[in-house]
Amino acid sequence: MSRKQLFAIRVRTPIDAGFRMSLIRLPEPDQGVISRRDVIIKDLEKLVGVEMIISDEDGRRAYETDALTAYTRMPLAVALPKTTEDVATILRYCRDNGVKVIARGAGTSLCGGALPAEDALVVSVSKMNRVLEIDYANRTARVEAGITNLAISGAVSKDGFFYAPDPSSQLACTLAGNLAMNSGGAHCLKYGVTTNNVLGLKMVLMTGEIVELGGGHLDSEGYDLLALTIGSEGQFGIVTEATVRILRAAEGARPMLLGFGSSEAAGRCVSAIIASGIIPVAMEFMDKPAIHVCESFAKAGYPLDVEALLIVEVEGSEAEITALLNRIAEIARPFKPETLLVSSGADQSAKIWKGRKAAFGAIGRISDYYCMDGTIPLGRLPEVLVAIARICGSHGLKVANIFHAGDGNLHPLILYDANDPDQAIKAEEAGAEILKLCVEVGGCLTGEHGVGIEKRDLMGVQFTEIDLALQMRIKTVFDPTWMLNPAKVFPLSAPRPQAA
Amino acid sequence: MSDTLKPATDWELAGMIATYRDRRTPIEICGSGTKRAIGRPTQTAAAISTQSLRGITLYEPTELVMSARAGTPLSQVEAELAARGQMLAFEPIDLGPTTGNTAGQQTIGAVFAANLSGARRISAGAARDHLLGMRGVNGLAEEFKSGGRVMKNVTGYDVARGLCGSWGTLAVMTEVTFKVLPWPEDTATLVYTGLTDELATELMQSALGTPFEVSGTAHLSAGLARRLRHDGLRGLDTPLTALRLENFPHAVAYRREALREQLKASGFVKVVELDAHDSASFWNEMRQLSVLPAGRTHLWKISTTPGKGPKLVAAVRRHMEAEALYDWSGGLVWLEVPETADAGAADIRRAVATHGGHATLIRAEASVRAAVDVFHPLSPAVERLARGMKSAFDPYGILNPGRMYSGL
């Protein structure tokens, strides 16, 4: 599937439309920088070469948004560096000349994490996509950060290895973006998220200084700046290289489908599976609206008459898989599954996962949607699903729910018409209410998509002023003048700390 | 060092830190104090212990999550988990016995503050990978939190993980929330005998490259194997290389045979097997570093790329006698060296510089720890960032100042 199919299907808003969702405020661009645009571009071209700088309008337009397509901003220019030294040269120039910088991978952020600004240079690492070294003995790969997530596994799969984090956009998204957001995926119940699978990285600071954090070893010396940097949403520096863990793939894997008469029964079944001591490699949940859309897209054999569907996947040898799936079927029995279907083989397994992984795209074919990403404690699932339906209903909107059940990471998709400004605003309002609810029940605003601009102004729901001020002081350590990925993560109203 | 203060609430702790903040007076931060002799010696007016911040505050076995106040003994945490068939998958190393304390005394807060991970780090991840959230008080006496109680959470920066391994120099953790996992139903260990360090590393790496989910790898020289409490293994009088398999019984039975067959094809044939009971006692010895008891030697913890472990040790051995216990398939080396004025720091750090990684002096008398870098020297860029972190959390430098690095 091309990236276009995955993401572009949602884009319906004409470029010159007179309306946009407008709840999120973006800062006024610095006219001083914009007035120097021609000089800045000339300088950058001289420093790194004309071919690395995109300055024409058509070229820049490809970078004016990310996967939060309701927001667009034409960047000052776009740089496509080829080496770490190029990145250092560009950042040093930008620091010296007061030009803000927005780091970009493939631009698949769902939270506006890569949204440009008119007075900022977009630095995309997408040309830095080489595998530098594969070390099977030590189970690591050193790669450039612009490589796509799937290409890492692609480089080692012939030898039976894989890179574990698998966000739905893995065909398109880059490791750089995964590092910025600490991305997860469907299989992180067993294998963890990005931060658990990265041992080292090379990063360029705004000063142009190149720092290396971690490496081939398995724990940190001094403070764990590696852990702190992963998930910092491109606000600390631009990561150009990483050493990631690659794992030997299991002998085999097979999913089963469990359909239930209620979401509550499905939720309780998930708890029972975990309580039994089994950690499936993935446990995915879909509600009825999501099942119908995904089945019509993928023809995976999903049951259409159930209220909730679980995809539960286990790994091992054939005999191990059979034994585990039988055990799970036994555990599920008290919750009265209406469907219990074990994948018949590789073909059907692929279809089952195709339906799940293409869910966002499939739903995008029937409606615009706004994708939420809150996480809740699993025990609160039934009441939260009821409340999500109520919240969306009260705004006159429909919702489809898809989520990673094992870890409580919800993806309610609020369906709306992007050409109706009133509905667009209502979708954002409903989304904010859902996220507040996630925090109220003990969860969080975002499980894997990040804060970006989207959830920036909700940070005060989860954090106190002291919590946020501390995080902002940390930001200041890495980027004293706040030039990297500005106006993201923190509420614009939060007072910025002074550099030490 | 005179008084030890034991606040019972976050609020009380913040009040105490405020007092020292206002006086700009350094204080020592500790849990039960079993690691007091690790790090650079420091001059402090008093100590604050988290020992009265005690108790498990949340445990949801079906959500694989537990919260405990920082001073809760690890033994209590693990007993509660075991009662529900669960565990801390990163099996934290217990440095108690090797540093002259009794085993089982450390607090859960200290486990994360020192980021102590055991053999299962190679498959399950490190302590820091299991930390989901924390509450604490920084050097400004501000109460703050990071993360939460859910498995997936990317809201704001990952401050909680950033505090792992900071040894109380940035903040005092008051509550930690962490991921737990089910105990495997069955365990078996294949112990290969008579291998050199190089061959043992090759064996461990090969084993981890199979699909059988080897969850522990360790190699002991013959000298260290003779110190094992496990009679059967001690009596073999030869280097030992252990590979652990954990799973459901039917899977362990299958994988044990499959792994043996696969390794046999690479020429590894001399092996004894440990059942679940003997496996538990062997890996418990590894967890407590039973073969490296406190004594008149210095002990280093060296972290490197796994395949480089043996070369690094060989480089050190050109300068001094050294006994090496390898964990993490060679990536973690516990190195016991004779007592000298600098604990061998110059030669060890030179070997580390050649092969990559870092070395921490875990056991030495205070005069030695005052004379050498206990924690591995940082590159200038990283050191500048570390100093920035210190001033973001503790601008007056009152929390464990100088314990890791001078001025931090």
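Numbers restart at 1 for each chain; the letters A, B, ... are given by sequence-line order, proteins then strands.
Within the 4.5 angstrom heavy-atom criterion, only side-chain atoms of B:Lys179, from C-beta onward, approach chain A. Only the backbone of A:Ile376 has a heavy atom closer than 4.5 Å to any heavy atom of chain B. Only the side chain of A:Leu225 comes within less than 4.5 Å of a heavy atom in chain B; its backbone stays farther off. Of the atoms belonging to B:Pro306, heavy atoms from both backbone and side chain fall under 4.5 Å from chain A. Contacts between B:Glu60 and chain A at a heavy-atom distance below 4.5 Å are absent for every atom of the residue. Of the atoms belonging to B:Tyr157, heavy atoms from both backbone and side chain fall under 4.5 Å from chain A. Contact annotation for A:His404: only side-chain heavy atoms (C-beta onward) come within less than 4.5 Å of a heavy atom of chain B. Heavy atoms of A:Glu209 lying under 4.5 Å from chain B belong exclusively to its side chain. With a 4.5 Å cut-off on non-hydrogen atoms, A:Leu468 does not touch chain B at all. Residue contact with chain A, scored on non-hydrogen atoms closer than 4.5 Å, involves the side chain of B:Glu213 exclusively. Contacts of B:Ser379 with chain A are absent, with no heavy-atom separation under 4.5 Å from either backbone or side chain.
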Report the C-alpha separation of A:Val193 and A:Asn178 in whole Å, then their side-chain angles, then the decisive distance to 0.1 Å, and conclude whether the side chain to side chain contact (heavy atoms under 4.5 Å, CB included) test is met. CA-CA 9 Å; A:Val193 297; A:Asn178 294 175; over 6 Å; no
Show your reasoning for whether side chain to side chain contact (heavy atoms under 4.5 Å, CB included) applies to A:Gln235 and A:Phe490. CA-CA 11 Å; A:Gln235 295 196 315; A:Phe490 301 105; 3.8 Å; yes
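Side-chain atoms of B:Ser166 never come within 3.5 Å of backbone atoms of B:Thr169 as a donor-acceptor pair (strictly under, hydrogens ignored).
Comparing B:Thr210, B:Leu332, B:Asn115, B:Asn247 by how many heavy-atom pairs each has under 4.5 Å with chain A, the most go to B:Thr210.
Checked for salt-bridge contact, A:Lys455 and A:Glu233 miss the test: no charged N lies under 4.0 Å from a carboxylate O.
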